[in-house]
Amino acid sequence: MLIRAVFPGSFDPVHFGHMDIARRAARIFDELVVAVYDNPQKNLFFTTEERLALLEEAMADIKNVKVASYSGLTINYADKIGAKVMVRGLRVFADFDNEFRMALANQELNKNIETVELITDHRYTFISSTTVKEIATLGGEVTAMIPQFVEDAIRRKIASGTAGN
Ligand code: ADP
């Protein structure tokens with residue numbers, strides 16, 4: 001049986017921490033769908049289309065990865081696309097509390113889908129989309145955190161004056 005997994009998130013924007021988790025998950029499962037949460041309530045820096053385009057580029061060399069967007073409950077989306085596993089990443093201990101509660105809630109909603117948490121590579125533990133945006137916005141060095149094309153996209157977005165928070 002082929003196992004499809006989904007790796008959901010805001011990816012606002014994608015960074016090396018996300019790319020590492022996706023690459024490792026793609027080695028475990030037959031197919032990985034990296035799914036952008038299209039959340040109109042959250043004030044995001046990039047639009048869903050922009051986040052998708054950056055993810056496409058970031059995932060281009062992993063052949064069993066697909067990129068998609070979804071709205072509504074993540075667990076329902078996972079079920080709809082036939083995913084048996086939901087992949088998440090853990091950076092620091094503080095992530096655990098939130099991830100643990102989400103995994104329990106999702107278990108309650110659908111017992112057929114398992115959450116698998118992958119521990120970050122120690123090189124990426126300090127990286128978050130928020131940190132990346134803050135540093136890039138203030139003109140700091142982000143080459144250890146994001147690929148060049150993401151950095152370019154952040155700079156273009158700032159220059160266009162259409163960035164969210
Ligand atoms: P959210 O889904 O909370 O909006 P993100 O889009 O930033 O969060 O992240 C998606 C997933 O990637 C989450 O499971 C998050 O814990 C994980 N993640 C984020 N940054 C890293 C990192 N540096 N290393 C490993 N996993 C990470």
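Along the sequence shown, residues carry numbers from 1. Each ligand, and each atom within it, is numbered from 1 in the order the structure gives. As the structure is a prediction and not an experimental result, all values here were calculated from the model.
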Check your understanding: Which atoms of ligand 1 are found less than 4.0 Å from any heavy atom of Pro8?
Key -> 10 (C)

Point to revise | Same apolar cluster: Ile75 and Val6, side chain cutoff 4.5 Å | key: yes

Review point. Is there a donor in the side chain of Glu50 and an acceptor in the side chain of Thr47, or the other way round, less than 3.5 Å apart?
Key: yes

Practice item. Using a strict 4.0 Å cut-off to heavy atoms of Gly17, name the atoms of ligand 1 that fall inside it. Key: 22 (C), 23 (N), 24 (N)

Practice item. May I ask you to list the atoms of ligand 1 that are less than 4.0 angstrom from any heavy atom of Glu99? Key: 14 (O), 16 (O)

Practice item. Could you pull out the closest heavy-atom pair between Tyr37 and Arg51, with the gap in Å? Key: O-NH1, 3.1 Å

Exercise for review: Please indicate whether any nitrogen or oxygen in Ile21 is less than 3.5 Å from any nitrogen or oxygen in ligand 1.
Suggested key: no

Review point. Which protein heavy atom lies closest to atom 11 (C) of ligand 1, and at what distance to 0.1 Å?
Key: Phe7 CE1, 3.6 Å

Exercise for review: Give the residue and atom name of whichever protein heavy atom lies nearest to atom 22 (C) of ligand 1, and the separation in Å to one decimal.
Suggested key: Arg91 CG, 3.2 Å

Practice item. Can you pull out the closest protein heavy atom to atom 24 (N) of ligand 1? Residue, atom name and distance to 0.1 Å, please. Key: Thr120 OG1, 2.8 Å

Revision key, fill the gap. Going by the 4.0 angstrom heavy-atom rule, the piece of Ser128 near ligand 1 is neither

Check your understanding: Of all the atoms in ligand 1, which lie at a distance below 4.0 Å from a heavy atom belonging to Tyr124?
Key -> 22 (C), 23 (N)

Practice item. Look only at interatomic distance and state if His18 has a nitrogen or oxygen under 3.5 Å from any nitrogen or oxygen of ligand 1. Key: yes

Point to revise | Atom pair CG (Asp12) and OG (Ser128), whose distance is rounded to the nearest 0.5 Å | key: 11.0 Å

Check your understanding: So, is Gly89 polar-close to ligand 1, with some N/O to N/O distance under 3.5 Å?
Key -> yes

**Study point:** N or O pair under 3.5 Å between Ser10 and ligand 1
**Key:** yes

Point to revise | Non-hydrogen atom of His15 closer than 4.0 Å to ligand 1 | key: yes

Check your understanding: With only distance considered, is Phe11 within less than 3.5 Å of ligand 1 through an N or O on each side?
Key -> yes

**Study point:** For the student: nearest non-hydrogen atoms of Ile21 and Arg88, plus distance
**Key:** CG2-O, 4.5 Å

Exercise for review: Would you name the heavy atoms of Asn106 and Met86 that are closest together and state the gap between them?
Suggested key: ND2-CE, 3.0 Å

Exercise for review: For Val87 and Ala5, work out which heavy atoms get closest and say how close.
Suggested key: CG2-CB, 4.0 Å

Exercise for review: Grab the two heavy atoms, one from Gly89 and one from Asp95, that are nearest each other, plus how far apart they are.
Suggested key: O-OD2, 4.4 Å

Review point. Side chain to side chain contact (heavy atoms under 4.5 Å, CB included) with Phe46: which of Ser10, Ser129, Pro13?
Key: Pro13

Review point. With a 3.5 Å cut-off and no angle check, do the side chains of Asp38 and Ser71 form a donor-acceptor pair?
Key: no

Study note, to complete from the structure: Min over Arg88, Arg51, Arg24 of heavy-atom distance to atom 3 (O) of ligand 1 lands on Arg88

Review point. Mind checking whether Thr125 has an N or O less than 3.5 Å away from an N or O of ligand 1?
Key: no

